Amino acid sequence: MVRLVADAMTRQVVYLPEDTTLDEAAQAMRDQGIGDVVVTHGPTMAGIVTDRDIVVRAVAEQLPPATTTLGDVATRELIMIEQSATVEEAVRAMRSRGVRRLLVCDADRNVVGILSLSDVALLPTSTAA
């Protein structure tokens, strides 16, 4: 059974400015029940920050979350995949780039969601008898 990225992705994308502090971002993630935010610089996407990034790049380095910003810890390389791609193609892209999340776009390159390894892991398995 071929599964498309569009069927597995999380459609909710939260954008926060790069000057947002980590404590504010963590609260937004908690309140929205998400593990990542897209970081913006004005109208432009400037990176992505995950809950893991906050822990590994800030808390573990003893950076103060009340004054450290998303821009300080963001991953600047944004990797996108089209929503019409297969989940298998997305997993190969994640492996080859060493990432756990991909931005999902439509044919016009507009962001329509995020695909994480967790989304893939939660897909129902087919039971062929």
Side-chain angles (χ1 to χ4, degrees):
M1 172 184 211
V2 175
R3 297 187 187 218
L4 300 180
V5 168
D7 299 326
M9 71 182 188
T10 299
R11 295 188 184 278
Q12 179 182 13
V13 181
V14 174
Y15 298 87
L16 292 175
E18 64 186 351
D19 61 354
T20 302
T21 61
L22 296 185
D23 59 353
E24 292 171 320
Q27 290 166 13
M29 288 181 194
R30 177 200 60 207
D31 295 346
Q32 299 289 326
I34 56 174
D36 50 63
V37 295
V38 175
V39 181
T40 60
H41 177 80
T44 306
M45 291 187 298
I48 189 167
V49 171
T50 67
D51 47 6
R52 184 176 188 279
D53 293 332
I54 292 173
V55 171
V56 172
R57 295 181 184 167
V59 175
E61 297 295 328
Q62 299 180 344
L63 299 176
T67 57
T68 304
T69 66
L70 291 175
D72 295 332
V73 300
T75 298
R76 298 294 176 171
E77 182 179 19
L78 295 172
I79 304 167
M80 298 178 89
I81 192 162
E82 282 199 30
Q83 63 185 347
S84 60
T86 67
V87 169
E88 291 75 22
E89 291 170 320
V91 170
R92 280 196 301 272
M94 288 180 190
R95 277 192 194 124
S96 71
R97 301 302 286 270
V99 297
R100 297 174 180 175
R101 287 175 173 79
L102 300 172
L103 292 177
V104 180
C105 64
D106 61 17
D108 296 323
R109 308 250 332 137
N110 297 311
V111 174
V112 295
I114 295 179
L115 181 72
S116 70
L117 282 179
S118 297
D119 295 327
V120 173
L122 292 174
L123 285 172
T125 57
S126 61
T127 55

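Everything numeric in this text was worked out from a predicted model, so none of it was measured. The first residue of the sequence shown is numbered 1, and numbering continues consecutively from there.
When the side chains of ILVMFWY residues are joined at heavy-atom separations under 4.5 Å, either directly or via intervening members, V13 and M45 end up in a single hydrophobic cluster. One hydrophobic cluster holds both M80 and Y15 under the rule that ILVMFWY side chains link at heavy-atom gaps under 4.5 Å. By the criterion of side-chain heavy atoms lying less than 4.5 angstrom apart, applied directly or through intervening Ile, Leu, Val, Met, Phe, Trp or Tyr residues, L4 is not grouped with I81; the two fall into different hydrophobic clusters. Hydrophobic clustering, with ILVMFWY side chains joined whenever heavy atoms are under 4.5 angstrom apart, groups V73 together with M29. A continuous path of hydrophobic side-chain contacts links I34 to L16 [ILVMFWY only; heavy atoms under 4.5 Å].
Closest of all the heavy-atom pairs between L22 and A58 is CD1-CB, 3.2 Å. Between A8 and L123, the shortest heavy-atom distance links the atoms CB-CD2, 3.7 Å. Smallest separation of non-hydrogen atoms from V5 and A90: CG2-CB, 3.9 Å.
M9 places a side-chain heavy atom less than 4.5 Å from the side chain of V112. Considering only heavy atoms from C-beta on, D119 comes within 4.5 Å of S116 through its side chain.
The one candidate from V37, I48, T40 that meets the side chain to side chain contact (heavy atoms under 4.5 Å, CB included) condition with L70 is V37.
With rounding to the nearest 0.5 angstrom, the CG atom of L117 is 8.5 Å from the CZ atom of R101. Rounding to the nearest 0.5 Å places CZ of R95 at 15.5 Å from CZ of R97. Once rounded to the nearest 0.5 Å, the distance linking CD of Q83 with CZ of R11 reads 6.5 Å. Here the CD atom belonging to E18 is positioned 9.5 Å from the OG1 atom belonging to T44, to the nearest 0.5 angstrom.
Remark: side-chain polar atoms of D108 are not paired, donor with acceptor, to backbone N or O of N110 under 3.5 angstrom. A donor-acceptor distance shorter than 3.5 angstrom exists from the side chain of T20 to the backbone of P17, with no hydrogens or angles considered. Using a distance-only test at 3.5 Å, with no hydrogens or angles considered, no donor-acceptor pair links the side chain of R3 to the main chain of V120. R52 places no side-chain N or O within donor-acceptor distance of the main-chain N or O of R57, the cut-off being under 3.5 Å.
A 6.0 Å sphere centred on CZ of R76 holds more than 12 heavy atoms belonging to other residues, nucleotides or ligands. Other residues, nucleotides and ligands place no more than 12 heavy atoms under 6.0 Å from the CZ atom of R100.
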message: Go through it in stages, so that I can follow the logic: the residues are L63 and D72, the test is side-chain contact (heavy atoms from CB on, under 4.5 Å), and I'd like the CA-CA distance, side-chain angles, deciding distance and then a yes or no.
response: CA-CA 10 Å; L63 299 176; D72 295 332; 5.9 Å; no

task: Go through V111 and V38 one step at a time and tell me if the side-chain contact (heavy atoms from CB on, under 4.5 Å) criterion holds.
output: CA-CA 10 Å; V111 174; V38 175; 5.8 Å; no

- prompt: Hey, mind stepping through L102 and M94 against side-chain contact (heavy atoms from CB on, under 4.5 Å) and telling me if it holds?
  reply: CA-CA 7 Å; L102 300 172; M94 288 180 190; 3.8 Å; yes

Side chain to side chain donor-acceptor pair (under 3.5 Å) assessment of R92 paired with T86: CA-CA 10 Å; R92 280 196 301 272; T86 67; 5.1 Å; no

